[in-house]
Amino acid sequence: MNTIVLGPLILSGERFAILAGVFVFLIGTGLLASRVSQRFNLWSTVVVIGGLAAARLAHVIVHWDSFSDAPLRALAVWQGGFIWLWVVPVAGLSLFFLLRTTQERLWAVAPLSAAALVFTMTYQLASATEPLPPPALTLTALNGPAVDLASLDGRPTVINLWATWCAPCRREMPALLQAERDHPDVRFLLINQGEGQDAVRAFLEREGLRFDHLLLDPAMATQRHYRTVGIPVTLFLHADGRLAQAHTGEIAPERIAAEIARLNRSSSLTESHP
């Protein structure tokens with residue numbers, strides 16, 4: 001699955017690609033600072049901090065309808081959400097104002113190009129999703145009949161793997177509940193990992209949460225099937241049950257909406273080109 005494990009850290013493909021790109025950029029500018037000009041130290045700092053801030057700000061502006069009710073969520077960068085094209089003007093302006101000579105500006109192209117290449121290649125490799133079929137697994141529902149995960153109803157499916165003790169899982173629950181209400185054309189399966197019925201029911205009642213399909217997976221068989229590491233994990237499945245995308249870590253409302261839109265577009269293309 002598209003996660004990278006570094007000791008105790010579990011990183012999504014995008015986050016690992018960001019770290020890899022920044023690392024290569026800082027190594028390159030560090031060499032330039034020691035051999036060409038000390039001005040590369042300040043320039044690299046401005047590019048990294050300013051570029052990340054600009055990319056995040058652009059994402060917030062584009063998805064302002066998701067942030068307007070909770071603007072401080074813009075600081076929740078661990079949810080993901082960056083428009084990387086906005087790093088370009090930050091790098092260009094800082095290159096012009098902070099580097100004094102043409103030679104310095106030409107040298108600056110090298111770490112920028114290397115970082116962009118490493119980020120792109122790492123993201124493509126680390127974020128690849130294998131189109132796994134649904135598991136042949138029947139899970140007990142908290143309310144209602146058991147659900148066969150391999151049984152399809154013609155709709156795309158969103159699966160969320162979670163636990164009551166997991167703080168990011170608890171934080172994203174309201175967004176998942178709202179998404180379920182906003183998208184009746186999508187089946188949502190909330191699959192608790194490794195806990196008993198009493199603990200799950202008590203948590204949902206305390207938080208006032210009620211999902212259409214809340215399933216129990218005490219043996220964590222769903223995680224093993226999809227080869228995921230850690231929780232929360234949100235899986236987006238095509239209408240035919242194949243895995244389309246996986247998101248590791250806390251998920252933002254706009255990311256849920258974007259992935260559902262991709263599923264719907266894919267379904268429309270399939271129907272128009274059988």
Side-chain angles (χ1 to χ4, degrees), residues 1-13 16 126-173 175-177 179-180 183 186-207 209-251 255-256 259-260 262-263 266:
M1 196 49 63
N2 53 356
T3 53
I4 305 297
V5 180
L6 299 175
L9 297 178
I10 300 174
L11 300 174
S12 67
F16 181 71
S127 298
T129 300
E130 183 181 355
L132 295 170
L137 185 64
T138 299
L139 298 177
T140 301
L142 194 63
N143 296 297
V147 174
D148 180 3
L149 298 187
S151 178
L152 308 175
D153 66 358
R155 296 181 294 170
T157 298
V158 175
I159 294 177
N160 181 260
L161 307 180
W162 70 286
T164 63
W165 51 263
C166 165
C169 302
R170 297 195 299 268
R171 287 196 300 266
E172 69 183 8
M173 282 285 175
L176 289 163
L177 181 59
E180 183 181 61
H183 300 279
V186 176
R187 181 176 65 157
F188 281 76
L189 303 178
L190 278 290
I191 305 179
N192 179 271
Q193 298 296 290
E195 296 183 291
Q197 178 175 320
D198 292 342
V200 175
R201 191 182 302 278
F203 166 77
L204 295 173
E205 290 178 353
R206 184 171 64 251
E207 299 296 325
L209 299 170
R210 185 175 180 83
F211 292 91
D212 290 343
H213 300 290
L214 200 300
L215 309 180
L216 302 175
D217 184 8
M220 297 186 287
T222 314
Q223 273 191 303
R224 290 196 297 276
H225 173 79
Y226 286 108
R227 300 195 289 272
T228 62
V229 180
I231 52 174
V233 173
T234 306
L235 308 168
F236 298 88
L237 279 60
H238 294 292
D240 63 4
R242 290 178 299 110
L243 180 63
Q245 188 58 263
H247 178 90
T248 301
E250 184 178 349
I251 192 167
R255 177 65 184 273
I256 300 173
E259 294 298 341
I260 289 176
R262 290 191 183 96
L263 291 177
S266 176

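Computed from heavy atoms alone, side chains included, the values below leave out hydrogens, waters and symmetry copies.
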Judged by atom type as modelled, is there a donor-acceptor pair below 3.5 Å linking the side chain of E172 to the main-chain atoms of I251? yes

For the atom pair CD (E130) and CG (L243), what is the distance rounded to the nearest 0.5 Å? 8.5 Å

Would one find more than 12 heavy atoms of other residues, nucleotides or ligands at under 6.0 Å from atom CZ of R201? yes

Distance, nearest 0.5 Å, that separates OG1 of T222 from CG of L189: 9.5 Å

Gap between atom CG of N143 and atom CG of L204 - 0.5 Å precision: 9.0 Å

Any side-chain to backbone donor/acceptor pair from H247 onto F236? Under 3.5 Å, distance only. no

Taking the side chain as C-beta and beyond, is there a heavy-atom pair between L176 and F211 under 4.5 Å? yes

Of all heavy-atom pairs linking R187 and L149, the shortest is NH2-O, 4.3 Å

Please determine whether side-chain contact (heavy atoms from CB on, under 4.5 Å) holds for the pair I159 and Y226, giving the CA-CA distance in whole Å, both sets of side-chain angles, and the decisive distance to 0.1 Å. CA-CA 11 Å; I159 294 177; Y226 286 108; 4.2 Å; yes

With sequence neighbours excluded, residues passing side chain to side chain donor-acceptor pair (under 3.5 Å) with N192: E195

Hey, mind stepping through M173 and L190 against side-chain contact (heavy atoms from CB on, under 4.5 Å) and telling me if it holds? CA-CA 9 Å; M173 282 285 175; L190 278 290; 4.2 Å; yes

Using every non-hydrogen atom in the two residues, find where G194 and M220 come nearest and quote the distance to one decimal. N-CG, 3.7 Å

L132/R227 under side-chain contact (heavy atoms from CB on, under 4.5 Å): CA gap, chis, key distance, verdict: CA-CA 10 Å; L132 295 170; R227 300 195 289 272; 3.7 Å; yes

Measuring from L235:CG to Q245:CD, what's the distance to the nearest 0.5 Å? 9.5 Å

Do you know the tightest heavy-atom contact between L152 and P134? CD2-CG, 4.5 Å

For I256 and T234: C-alpha separation, side-chain torsions, deciding distance, then whether side-chain contact (heavy atoms from CB on, under 4.5 Å) applies. CA-CA 9 Å; I256 300 173; T234 306; 5.6 Å; no

To the nearest 0.5 angstrom, please state how far the CG atom of L177 sits from the CG atom of D212. 9.0 Å

Side chains of V229 and T248, heavy atoms from C-beta outward: is any pair under 4.5 Å? no

Mind checking ring pair (Phe, Tyr, Trp, His ring centres under 6.0 Å) for F203 and listing every partner two or more places apart, or none if nothing turns up? W162

Donor-acceptor pair, R224 side chain versus A219 backbone, under 3.5 Å? yes

Output every pair passing salt bridge (charged side-chain N to carboxylate O under 4.0 Å, His left out) with a member in residues 151-170, not counting sequence neighbours, ordered by first then second residue. D153-R155

Closest heavy-atom pair, A199 versus T164, reported as atoms and distance to 0.1 Å, is O-CG2, 4.1 Å

With Q193, which of T228, D217, L216 fulfils side chain to side chain contact (heavy atoms under 4.5 Å, CB included)? D217

Nearest heavy-atom pair of I231 and C166: which atoms, and what distance? O-SG, 3.9 Å

Quick one: does V147's side chain get under 4.5 Å of L139's, heavy atoms only? no

State, to 0.1 Å, how close E180 and R210 come at their nearest heavy-atom pair, and which atoms those are. OE1-O, 4.3 Å

